[in-house]
Amino acid sequence: MSAKTVVYHIARNRGELEQAFSLVYKEYACKGYISRHYKSRLRLSFFNALPSTSTFVAKQGNRVVATVTLIPDSPLGIPMDKIYKERLDGLRKKKRRVAEVSQLAIDSKLFPKNWFSMFNFSKLMFIFRLFKLVLDHALYVDKLTDLCIAVNPRHQYLYKFLGFEMLGGLKYYGSVNKAPAIAKRLDLETVEERAKARRGLYKVFFSKRTDNSLFEGKFKLSASDIKYFFVNKSDIFNKATKNQLKYISISYQDKGVGKLIEGLR
Amino acid sequence: MNSKESRIAKKKILVVDDEPEVCSLLCDFLNMRGFEVGVAYNGQEALDRVAKAKPDLITLDVIMPVMDGFELLRYLKSRNDYSGIPVIMLTAKKAPKDLDRGISLKADFYLPKPFTFDNLMDFINLVLV
């Protein structure tokens with residue numbers, strides 16, 4: 001794959017978001033992380049409905065070939081609270097501003113199957129470019145102090161290389177078909193200093209800030225988009241608690257969202 | 001010589017590997033790309049060479065006599081005057097625990113053998129250019 005043909009930016013329309021959710025579904029289903037019987041063939045969660053959540057895409061032409069989502073903490077928490085709440089609460093007590101890196105998926109057709117990301121330059125740089133967006137958005141747009149992630153232990157080396165430290169030990173994560181997971185955390189206040197130990201890594205992540213234009217035009221869900229993704233294409237809002245729906249309702253200025261949620265109660 | 005090659009020309013790379021064939025192949029390849037290349041066949045010899053002429057980058061095997069690659073890496077990264085030298089591990093040891101050790105010891109990159117020269121060159125360019 002030629003990396004030059006790929007563009008990376010924040011998701012800017014419903015089509016990109018839908019492709020991203022579809023890619024996550026397809027790749028997670030291939031790996032056995034989710035059952036294949038999702039009616040919509042989209043993998044998304046309640047947290048994707050929050051306006052503070054940002055989804056990033058890598059595109060080849062009109063096709064989304066990779067995606068990752070950044071979910072800043074809110075009164076509803078973050079997805080990995082399900083199994084690591086105690087650890088995350090430890091960070092919250094220290095007034096850390098936390099977010100979860102979630103829904104990372106790369107089209108498996110993009111690189112040969114036997115290319116382990118740590119060992120192959122093209123694949124590693126591809127992943128780094130996606131992470132660079134997440135890192136700079138977390139640092140300069142969301143102004144966070146910690147990125148957290150629940151990962152399958154076999155992927156832990158890449159995160160360790162990026163500077164993530166252990167946050168929580170091995171557990172089995174119901175959200176991904178009880179696949180094994182460990183929690184990792186990246187301290188954003190020290191990451192640049194620590195990255196100086198590796199010149200190549202430092203160059204990729206800290207020699208230049210991401211151009212702001214790549215974060216511009218973030219797609220804002222309208223009431224109709226919310227209905228499409230969370231009512232028509234999934235049963236996420238039907239399964240949501242009153243508190244969750246209430247929080248969604250007050251998070252949007254769009255009165256249509258409030259009306260949509262009223263109608264569900 | 002293209003612009004990238006001119007920027008890396010005369011950068012010094014120390015190849016550390018106990019297999020003469022690997023050293024020879026790497027030397028030829030790196031010489032052709034304009035690098036000044038030195039060779040050491042074990043960790044101790046590498047230390048002597050680093051002390052004499054600080055290289056801009058080291059490619060480092062793990063399994064070697066006298067002082068292995070991990071020991072050398074640990075030593076280099078513990079020394080203020082050497083810790084800034086980028087180290088690319090080139091090793092047959094590709095088990096997760098070995099990769100984990102290389103990362104913990106702050107190897108810049110960790111590549112298993114067999115490797116392709118193009119892939120190695122991409123990593124070298126990132127670090128040196």
Side-chain angles (χ1 to χ4, degrees), chain A residues 1-4 6 111-129 131-132 149 151-166 169-170 180-182 184-186 190-208, chain B residues 4 7-8 11 13 54-60 62 73-129:
Chain A
M1 187 211 59
S2 164
K4 283 176 189 163
V6 179
F111 298 99
K113 268 190 178 167
N114 59 349
W115 279 17
F116 180 53
S117 55
M118 286 291 295
F119 300 155
N120 184 273
F121 185 81
S122 311
K123 191 169 180 185
L124 191 61
M125 290 307 119
F126 181 87
I127 295 170
F128 279 4
R129 284 185 193 109
F131 261 95
K132 169 76 173 149
I149 190 164
V151 287
N152 191 302
R154 70 181 167 196
H155 300 309
Q156 64 181 299
Y157 307 107
L158 175 67
Y159 294 96
K160 184 171 180 176
F161 185 73
L162 287 168
F164 280 78
E165 296 158 312
M166 279 299 279
L170 185 68
I182 53 171
K184 306 217 72 160
R185 165 221 176 193
L186 185 67
T190 60
V191 63
E192 180 171 359
E193 195 53 38
R194 286 184 290 123
K196 285 178 182 166
R198 291 189 170 95
R199 196 186 297 175
L201 191 72
Y202 188 86
K203 263 190 194 173
V204 172
F205 285 97
F206 297 103
S207 61
K208 194 179 163 200
Chain B
K4 195 182 262 183
R7 273 180 282 162
I8 59 178
K11 294 264 187 191
I13 296 183
K54 209 164 126 182
D56 296 295
L57 182 142
I58 297 172
T59 69
L60 181 59
V62 171
L73 180 62
R74 185 196 305 279
Y75 180 78
L76 291 171
K77 295 296 178 182
S78 70
R79 289 271 307 250
N80 282 341
D81 43 351
Y82 300 148
S83 63
I85 304 172
V87 176
I88 297 178
M89 306 297 291
L90 280 179
T91 172
K93 288 178 85 71
K94 53 185 166 187
K97 68 175 175 29
D98 300 313
L99 171 62
D100 189 50
R101 197 163 170 209
I103 294 169
S104 296
L105 293 173
K106 301 209 167 14
D108 282 70
F109 291 106
Y110 194 100
L111 306 182
K113 291 175 183 169
F115 57 89
T116 67
F117 285 119
D118 284 347
N119 193 42
L120 172 63
M121 197 60 214
D122 283 336
F123 282 106
I124 291 175
N125 278 334
L126 174 66
V127 173
L128 288 185
V129 178

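These values consider heavy atoms only, across backbone and side chains, with no hydrogens, waters or symmetry-generated copies. Below, chains carry the letters A, B, ... as their sequence lines are ordered, and counting in each starts from 1.
Looking at heavy atoms from C-beta onward, A/Phe119 lies out of side-chain contact with B/Phe109 at the 4.5 angstrom threshold. Here the side chains of A/Lys203 and B/Val127 are not in contact, with every heavy-atom distance at 4.5 Å or above.
By the 30° and 60° cut-offs, the orientation of the rings of A/Phe121 relative to B/Phe123 is perpendicular.
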Which atom pairs, donor and acceptor, lie under 3.5 Å between side-chain atoms of residues 84-101 of chain B and protein residues at least two apart or in another chain?
| from | atom 1 | to | atom 2 | distance (Å) |
| --- | --- | --- | --- | --- |
| B/Thr91 | OG1 | B/Lys93 | N | 2.8 |
| B/Asp100 | OD1 | A/Lys160 | NZ | 2.9 |

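We find the CZ-CG distance between B/Phe115 and A/Asn120 to be 14.0 Å, quoted to the nearest 0.5 Å. In this structure, A/Tyr157 OH and B/Ser104 OG are separated by 10.0 Å, a value rounded to the nearest 0.5 Å.
Residue contact with chain B, scored on non-hydrogen atoms closer than 4.5 Å, is absent for A/Tyr202.
Residues of residues 192-199 of chain A that come closer than 4.5 Å to chain B, counting heavy atoms only, are A/Ala197, A/Arg198, A/Arg199, ordered by residue number.
Take B/Tyr75 and apply the side-chain hydrogen bond (donor to acceptor under 3.5 Å, both in side chains) test, not counting sequence neighbours, and it matches B/Arg79. A/Lys132 meets the side-chain contact (heavy atoms from CB on, under 4.5 Å) test with A/Asp136, A/Phe205, A/Thr210; sequence neighbours excluded.
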